[in-house]
Peer 1: 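Let me begin by handing over the structure; questions about it come next.
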Amino acid sequence: MPVLAGAEPFHHEGGEVAVLLCHGFTGSPQSLRPWAEHLAEHGMTVSLPLLPGHGTRWEDLRITGWQDWYAEVDRELRLLCERRGTVFVAGLSMGGALALRLAAKHGDAVRGVMVVNPANKVHGLAAHALPVVRHLVPATKGIASDIAKPDGRELGYDRVPLHAAHSLRQFFQATDRELPQVTQPVLLMRSPQDHVVPPVDSARILSRISSTDVKEVILEQSYHVATLDHDADRIHEESLAFIGRIASGLGKEPGLGKEGTTAGG
């Protein structure tokens, strides 16, 4: 299936500091595109891949699982590490969990982690029924476009395939066990009014990671997809400050100006 217009991956070759961004479950790179472009404009090398099963139709997601999604960002991280010496990972929702697992697995190769409304668990009684229900019901209503901005729109599926939701639940369980292995600096940005991921997920993550350099930012004006919401500029500013502080401590400059090569839709 062709990729939906606007859901294409984004890549920019910039300076020695690189950022890998991971989008969320049933979403697409579109939800992080402004964040990625802002980092690119400030001279950084940026990779924002399209996860398998996403950006086309929900039926394509049904035949993928968390191993496929994680393998894609793991591959992108390894490619970035081969070309750039200072690499950060970032993500929204499930993408935040992907970023945290990358940090847990890759250690010092990841210099810092930036997450927005990171997910840690599939909540509700229905989650426990997924192993059985997924064989009876193909999909349920979608979770895209939880945005406070009246004109805000996330390019995501209007259905959630239950086979993929079951795999997502397994992924969260595996990642939760690995959170103590996260020792890098962490910038966690969350919305108090989030209709997809409850605040308890961020609290759980902060209580489980071993990082000593942690900053929590509250996004008061936004819902779940804060990267496309009223607080998008705040996310951009906090990210630049976070990267700049850590990169400077390593003797690196965050970027080399605005020149570079960009690929994507």
Peer 1: Output every pair passing salt bridge (charged side-chain N to carboxylate O under 4.0 Å, His left out) with a member in residues 95-105, not counting sequence neighbours, ordered by first then second residue.
Peer 2: Arg101-Glu178, Lys105-Glu178
Peer 1: Provide the full list of salt bridge (charged side-chain N to carboxylate O under 4.0 Å, His left out) pairs with a residue in residues 135-157, sequence neighbours left out, each pair given once.
Peer 2: none
Peer 1: Between CG of Leu20 and CG of Leu80, what distance do you get to the nearest 0.5 Å?
Peer 2: 6.0 Å
Peer 1: Give the cluster check for Val196 versus Ile218: same hydrophobic cluster or not, with ILVMFWY residues linked at side-chain heavy-atom distances below 4.5 Å.
Peer 2: no
Peer 1: I want to check something: taking the side chain as every heavy atom from C-beta on, are His12 and Val19 in contact at a cut-off of under 4.5 Å?
Peer 2: no
Peer 1: Where is the tightest heavy-atom contact between Leu21 and Ala36, given as atom of each residue plus distance?
Peer 2: CD1-CB, 3.9 Å
Peer 1: Look at Arg57 together with Asp60 and state whether they make a salt bridge at an N to O cut-off of under 4.0 Å.
Peer 2: yes
Peer 1: Going by heavy atoms in the side chains, are Val186 and Asp213 under 4.5 Å from each other?
Peer 2: no
Peer 1: Charged N to carboxylate O below 4.0 Å: is that the case for Asp201 and Lys121?
Peer 2: no
Peer 1: To the closest 0.5 Å, what do you measure between NE2 (His163) and CG (Leu168)?
Peer 2: 14.5 Å
Peer 1: Less than 3.5 Å apart, any donor N or O on the side chain of His224 or Asp229 sitting next to an acceptor on the other?
Peer 2: no
Peer 1: Under a 3.5 Å distance rule, please check whether Ser211 uses its side chain to pair with a backbone N or O of Gln184 as donor and acceptor.
Peer 2: yes
Peer 1: Should Ser93 and Phe25 be marked as a side-chain contact (heavy atoms from CB on, under 4.5 Å) after you check the CA-CA gap, both sets of side-chain angles, and the distance that decides it?
Peer 2: CA-CA 7 Å; Ser93 194; Phe25 183 62; 5.9 Å; no
Peer 1: Is a side-chain donor or acceptor of Asp231 paired with a backbone partner of Arg234 at a separation under 3.5 angstrom?
Peer 2: no
Peer 1: In Å, rounded to the nearest 0.5 Å, how long is the span from CZ of Arg177 to CZ of Arg208?
Peer 2: 9.5 Å
Peer 1: Please check if Leu206 and Val197 belong to a single hydrophobic cluster, counting links between Ile, Leu, Val, Met, Phe, Trp and Tyr side chain heavy atoms closer than 4.5 Å.
Peer 2: yes
Peer 1: Please examine the side chains of Trp58 and Thr56, heavy atoms only from C-beta on, and report whether any two atoms are closer than 4.5 Å.
Peer 2: no
Peer 1: Taking Leu61 as the starting point, is it possible to reach Tyr70 by hopping between hydrophobic residues whose side chains are less than 4.5 Å apart?
Peer 2: yes
Peer 1: Grouping I, L, V, M, F, W and Y whenever their side-chain heavy atoms are under 4.5 Å apart, do Leu79 and Val89 come out in a common cluster?
Peer 2: no
Peer 1: Go through the side-chain N and O atoms of Trp35 and Ser239 and say whether any donor and acceptor fall under 3.5 Å apart.
Peer 2: yes
Peer 1: Got Ser210 and Leu179 here, is their nearest side-chain heavy-atom distance under 4.5 Å?
Peer 2: no
Peer 1: If I take atom CD1 from residue Ile205 and atom OG from residue Ser207, how far apart are they, to the nearest 0.5 angstrom?
Peer 2: 9.0 Å
Peer 1: Please check if the side chain of Ser31 supplies one atom and the backbone of Gly27 the other of a donor-acceptor pair under 3.5 Å.
Peer 2: no
Peer 1: CZ/Phe10 to CG/Leu39 distance, rounded to the nearest 0.5 angstrom?
Peer 2: 9.0 Å
Peer 1: Which heavy-atom pair separates Ala104 from Gln181 by the least distance, and what is that distance?
Peer 2: O-OE1, 3.5 Å
Peer 1: So, Ser222 and His230: side-chain donor and acceptor under 3.5 Å apart, yes or no?
Peer 2: no
Peer 1: Working note: Trp69 + Thr64, criterion side-chain hydrogen bond (donor to acceptor under 3.5 Å, both in side chains); need CA distance, chi angles, decisive distance, verdict.
Peer 2: CA-CA 8 Å; Trp69 316 325; Thr64 67; 3.0 Å; yes
Peer 1: If you compare all heavy atoms of Pro9 against all heavy atoms of His11, which two are closest, and at what distance to 0.1 Å?
Peer 2: CB-NE2, 4.0 Å
Peer 1: Under a 3.5 Å distance rule, please check whether Asp68 uses its side chain to pair with a backbone N or O of Gly65 as donor and acceptor.
Peer 2: yes
Peer 1: Any heavy-atom pair between the side chains of Arg190 and Leu219 that's under 4.5 Å?
Peer 2: no
Peer 1: Heavy atoms, side chains only, cut-off 4.5 Å: are Leu51 and Leu98 in contact?
Peer 2: yes
Peer 1: Kindly state whether the ring of Trp66 and the ring of Phe171 have centres lying under 6.0 angstrom apart.
Peer 2: yes
Peer 1: Hydrophobic clustering (ILVMFWY, side-chain heavy atoms < 4.5 Å, transitive) - are Leu92 and Leu4 grouped together?
Peer 2: no
Peer 1: Would a 4.5 Å heavy-atom cut-off, applied to side chains only, mark Ser202 and Pro118 as touching?
Peer 2: yes
Peer 1: Go through Leu188 and Val113 one step at a time and tell me if the side-chain contact (heavy atoms from CB on, under 4.5 Å) criterion holds.
Peer 2: CA-CA 8 Å; Leu188 188 149; Val113 185; over 6 Å; no
Peer 1: When you compare the side chain of Lys215 with that of Glu238, does any pair of heavy atoms fall below 4.5 Å?
Peer 2: yes
Peer 1: Which label fits Tyr157 and His54: parallel for a plane angle under 30°, tilted from 30 to 60°, or perpendicular past 60°?
Peer 2: parallel
Peer 1: What heavy-atom pair brings Pro199 and Pro192 nearest, and what distance separates the two atoms?
Peer 2: CG-O, 4.3 Å
Peer 1: Is it true that a side-chain atom of Ser28 and a backbone atom of Leu155 form a donor plus acceptor pair closer than 3.5 Å?
Peer 2: yes
Peer 1: Sequence neighbours left out, what pairs pass salt bridge (charged side-chain N to carboxylate O under 4.0 Å, His left out) with at least one residue falling in residues 69-86?
Peer 2: Glu13-Arg83, Glu13-Arg84, Glu72-Arg75, Asp74-Arg78
Peer 1: For Pro29 and Leu48, work out which heavy atoms get closest and say how close.
Peer 2: O-CD2, 3.4 Å
Peer 1: Calculate, to the nearest 0.5 Å, the distance between atoms CD and NE2 belonging to Gln193 and His195 respectively.
Peer 2: 6.0 Å
Peer 1: Test side-chain contact (heavy atoms from CB on, under 4.5 Å) on His166 and Val122 and set out the steps.
Peer 2: CA-CA 9 Å; His166 173 63; Val122 177; over 6 Å; no
Peer 1: Assess the residue pair Glu37 and Val46 against the criterion (side-chain contact (heavy atoms from CB on, under 4.5 Å)); give the C-alpha distance rounded to whole Å, side-chain angles, the decisive distance to 0.1 Å, and a yes or no.
Peer 2: CA-CA 8 Å; Glu37 291 178 342; Val46 180; over 6 Å; no
Peer 1: Check Ala226 against Asn117 and note the closest heavy-atom contact, atom names and distance.
Peer 2: CB-ND2, 4.1 Å
